[in-house]
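What follows is one structure encoded as structure tokens, with my remarks underneath.
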Amino acid sequence: MEFSSWLALAAICIMGAISPGPSLAVVIRNTVRGGQGHGVLTALGHGLGVGLYALITALGLALLITRNPLLFDVIRYGGAAFLAWLGVKALLARPQPEAADDAGHQVRGHQGAFEGFMVAFLNPQLAIFFVALFSQFVRADTGWQQGGIMMLTAGGIDALWYVLVALLLSRGPVLGWLREKSFVIDKLSGLVLLALAIKVVL
């Protein structure tokens, strides 16, 4: 993978990771309820789930190119349209009100890591997102090495971000900051997604 392509991939993965959503809510909840260690385990479990999805998607698309190039082109342009739709949706998004925390949730043992993994791996929107995103970068010669790079990029960035959130949350008001900046995050991620979609079309 060319460095410029990797930068584009990493940028979108960063925007996806820092965008507030269910995954962030789980990491924050587990950190608050179970402590810093449980928050970190939740973050690592979530990163593992994201990385596994990334690897499966990358290798599956590479196999599809060699067996049915026309279908892959349909997926690639459909993916570009989906990314553009996500970009427009992010640009038009309004600040979300604060959600009530589940005060009855208790985290014990390695439950945090399991919850983090399952939130990522059982999210069908994540699968659709990776198919749309990776179809812009995968080629017929994509193998385990490049798939591994995509896996480490997506999973590593995701895990690193949520570990950082878990560490900072136990020391400061990260939740409030994220909610305050969610509007800006949405706009930046929308512009990046639109730029990639336009690049594919042109």
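Only a predicted model underlies this, so the values are computations on that prediction, with no experimental measurement involved.
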query: Ala166 and Gly39: which non-hydrogen atoms are nearest, and at how many Å?
result: CB-C, 3.6 Å
message: Just so I know, are the side chains of Phe117 and Leu52 near enough to count as touching, which here means a heavy-atom distance under 4.5 Å?
response: yes
query: Does Thr42 reach the side chain of Tyr162, with side-chain heavy atoms less than 4.5 Å apart?
result: no
message: Is there a continuous path of hydrophobic side-chain contacts, each under 4.5 Å between heavy atoms, that joins Leu152 to Ile12?
response: no
field: Straight-line distance of Leu59 CG to Met150 CE, nearest 0.5 Å
entry: 9.5 Å
message: Ignoring hydrogens, what is the shortest heavy-atom contact between Ala17 and Ile157? Give both atom names and the distance.
response: CB-CG2, 4.3 Å
field: Rounded distance [0.5 Å steps], CH2 in Trp144 versus CG in Leu55
entry: 5.5 Å
- line: For Ala159 and Gly47 the tightest heavy-atom approach is CB-CA, 3.9 Å
message: For the CE atom of Met151 and the CG atom of Leu48, what is their distance to the nearest 0.5 Å?
response: 9.0 Å
query: Among Leu168, Val40, Val27, which one satisfies side-chain contact (heavy atoms from CB on, under 4.5 Å) with Val163?
result: Val40
- line: Between Ala58 and Phe134, the two heavy atoms sitting closest are N-CD1, 3.9 Å
task: Decide whether Leu160 and Leu44 are clustered together by the hydrophobic rule: side chain heavy atoms of Ile, Leu, Val, Met, Phe, Trp, Tyr closer than 4.5 Å, transitively.
output: no
field: 4.5 Å side-chain heavy-atom contact, Leu9 and Ile149
entry: no
